[in-house]
Amino acid sequence: MNFQTVLNDIYNHVVSVKDKGTIASYIPELAHVDINNFGLHLKIKNGEEYGVGHYNKPFSIQSISKVLALALAASQKGSTILNRLGVEPSGHPFNQLALLEIENGIPRNPFINSGAIVVADILVTLFENPVESFLNYIRDLTGDKNINYNPNIAKSEKESGYRNYATANLLKSFGNLHNSVEEVLDYYFMQCALEMTCEQITKSFHLFANKGKCLFEKTRLTEQQVKRINAIMLTCGFYDEAGEFAFEVGLPGKSGVGGGIVALLPDNYVITTWAPGLNEKGNSKLGMLALEQFTTKTQLSIF
Ligand code: DON
């Protein structure tokens with residue numbers, strides 16, 4: 001199969017779509033990005049790589065970071081983290097509060113904000129300098145020392161993060177946040193403000209398509225951990241649109257409000273798209289379309 005031709009065809013189709021969705025503005029600093037950006041990068045397990053469009057331009061990875069944070073926490077703490085978190089889809093928006101109150105402070109899964117804040121709390125307990133430890137983890141996974149977070153985006157989210165403060169306070173009231181609200185959210189906002197290109201994200205997710213071994217063949221997670229994290233991506237990676245993503249694309253994956261989506265076929269490939277316009281569920285509109293076309297054209301999905 002000529003993957004470059006497939007990617008080029010998808011690019012040509014997708015950039016011609018008039019309704020590109022809406023850029024997230026609830027974090028004001030995210031709203032400055034040009035809606036016409038579109039990047040797509042594919043890395044096959046055998047090492048072949050293909051890219052089209054703005055696949056080498058850094059963007060705010062936002063919730064995509066939640067998968068890497070979970071991987072780091074799981075690699076240190078194993079399944080004990082499940083004492084504080086569930087693994088069921090929420091069927092609600094990522095920043096919804098009601099479910100957390102009803103379910104006594106145990107987040108449904110690690111990818112909604114409440115769950116990601118619990119994972120952040122675990123990392124804050126584990127590491128003296130959690131931002132540096134997380135950055136080093138990503139830099140080691142990609143072999144790229146230049147990856148960093150954008151302090152302006154972290155600051156902008158801190159200034160407008162009312163729902164995350166409410167969530168962290170609710171977790172604290174149930175005893176499911178061990179460190180202070182400020183400390184955990186300061187870390188969480190920096191984690192979400194990481195900037196990466198499609199190519200760097202693809203590389204960092206290689207371990208999920210390679211049975212736990214990163215790009216440099218070092219074992220980072222057990223096969224069981226990878227199986228489990230991929231399952232959570234499939235069922236919870238797109239919040240109340242997880243069913244739609246499985247239906248249209250058929251891959252485990254994760255989106256972020258910066259417009260990125262990463263998805264993978266275990267033992268086969270990782271693919272990342274970036275298109276900043278979001279649909280009404282907060283997932284990249286053209287990214288979902290591009291990935292639907294990719295798995296339909298190549299017939300390379302888990303189904
Ligand atoms: O906490 C937030 O709201 C953002 N830092 C991340 C949200 C996000 O990316 C949801 N993804 N689709």
Side-chain angles (χ1 to χ4, degrees), residues 10-11 13-40 53-54 59-67 88-102 107-117 153 156-157 160-164 166-167 192-193 198 201 232-263 271-296 301:
I10 293 171
Y11 178 85
H13 173 68
V14 162
V15 295
S16 72
V17 174
K18 292 233 157 31
D19 179 3
K20 297 187 192 309
T22 313
I23 291 183
S25 57
Y26 77 101
I27 303 172
E29 197 64 26
L30 282 182
H32 302 322
V33 69
D34 181 355
I35 199 158
N36 294 309
N37 282 295
F38 180 82
L40 184 54
H54 300 115
F59 62 92
S60 191
I61 75 166
Q62 292 297 324
S63 284
I64 292 175
S65 69
K66 294 172 180 173
V67 185
E88 293 297 339
S90 72
H92 288 286
F94 58 85
N95 55 5
Q96 201 242 30
L97 282 152
L99 212 54
L100 189 63
E101 167 77 346
I102 294 166
R108 272 281 171 102
N109 68 66
F111 297 155
I112 50 175
N113 285 6
S114 55
I117 291 169
I153 292 183
S156 178
E157 183 162 13
S160 56
Y162 305 109
R163 296 192 73 87
N164 282 327
T167 303
C192 290
C198 290
I201 294 174
I232 308 173
M233 279 197 255
L234 183 74
T235 53
C236 312
F238 299 84
Y239 314 110
D240 47 340
E241 208 172 24
E244 180 75 8
F245 192 81
F247 181 78
E248 295 288 350
V249 180
L251 295 172
K254 186 73 202 79
S255 61
V257 289
I261 300 181
V262 57
I271 187 164
T272 307
T273 63
W274 176 44
L278 308 180
N279 64 20
E280 56 292 339
K281 303 284 170 106
N283 297 313
S284 170
K285 186 166 187 288
L286 298 187
M288 284 191 58
L289 175 63
L291 291 173
E292 182 279 318
Q293 294 212 339
F294 182 79
T295 54
T296 303
S301 89

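Here CD1 of Ile10 is found 9.0 Å from CG of Leu289. Values are rounded to the nearest 0.5 Å. Between Met288 atom CE and Ser255 atom OG the span is 8.5 Å, to the nearest 0.5 Å. Rounding to the nearest 0.5 angstrom, the gap separating the CG atom in Leu40 from the OG1 atom in Thr273 is 6.5 Å.
Residues Asn95 and Thr167 are not in side-chain contact: their nearest non-hydrogen atoms beyond the backbone lie 4.5 Å or more apart. Counting heavy atoms from C-beta on, the side chains of Pro28 and Ser160 come closer than 4.5 Å. Between Ser60 and Leu30 there is a side-chain heavy-atom pair separated by less than 4.5 Å. Ile112 has its side chain out of reach of His92: every pair of non-hydrogen atoms, C-beta onward, lies at least 4.5 Å apart. Side-chain contact between Ile271 and Val262 is absent, with no heavy-atom pair separated by less than 4.5 Å. By the 4.5 Å heavy-atom criterion applied to side chains, Thr296 and Glu292 are counted as neighbours. Side-chain contact between Val249 and Ser301 is absent, with no heavy-atom pair separated by less than 4.5 Å. For the pair Glu248 and Gln293, the minimum side-chain heavy-atom distance is 4.5 Å or more.
Proximity of a side-chain donor or acceptor of His54 to a complementary backbone N or O of Asn37 within less than 3.5 Å is not detected. For the pair Arg108 (side chain) and Glu88 (backbone), a donor-acceptor distance under 3.5 Å is absent. With hydrogens and angles disregarded, no donor-acceptor distance shorter than 3.5 Å links the side chain of Ser65 to the backbone of Ile61. The backbone N or O of Gly258 lies less than 3.5 Å from no partner atom in the side chain of Gln62, so there is not a single donor-acceptor pair. Although no hydrogens or angles enter the test, the distance criterion places no donor-acceptor pair under 3.5 Å between the side chain of Trp274 and the main chain of Gly287.
For the residue pair Pro276 and Val33, the shortest heavy atom distance occurs at CB-CG1, 3.8 Å. Nearest approach of Ala24 to Leu278, heavy atoms of both residues: CB-CD1, 3.8 Å. Residue Gln96 comes nearest to Leu99 through the heavy atom pair OE1-N, 3.1 Å, listed as atom of the first residue, atom of the second, then distance. In plain terms, the two heavy atoms of Leu251 and Ala263 that are nearest each other are CD1-CB, 3.8 Å. Across every non-hydrogen atom of Ala290 and Phe38, the tightest pair is CB-CZ, 3.8 Å. Of all heavy-atom pairs between Ala275 and Ser284, the closest is O-OG, 2.8 Å.
Checked by atom type, the side-chain pair Asn113/Asn164 shows a donor-acceptor distance below 3.5 Å.
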Throw together a table of side-chain donor-acceptor distances under 3.5 angstrom for residues 237-246, partners on residues two or more places apart or in other chains.
{"from": "Tyr239", "atom 1": "OH", "to": "Ser63", "atom 2": "OG", "distance (Å)": "3.1"}
{"from": "Tyr239", "atom 1": "OH", "to": "Lys66", "atom 2": "NZ", "distance (Å)": "3.4"}
{"from": "Tyr239", "atom 1": "OH", "to": "Phe111", "atom 2": "O", "distance (Å)": "3.4"}
{"from": "Tyr239", "atom 1": "OH", "to": "Lys254", "atom 2": "NZ", "distance (Å)": "2.8"}
{"from": "Glu241", "atom 1": "OE1", "to": "Asn279", "atom 2": "ND2", "distance (Å)": "2.9"}
{"from": "Glu241", "atom 1": "OE1", "to": "Asn283", "atom 2": "ND2", "distance (Å)": "2.9"}
{"from": "Glu241", "atom 1": "OE2", "to": "Asn279", "atom 2": "ND2", "distance (Å)": "3.2"}

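Heavy atoms from other residues, nucleotides or ligands lying under 6.0 Å from OH of Tyr26 number more than 12.
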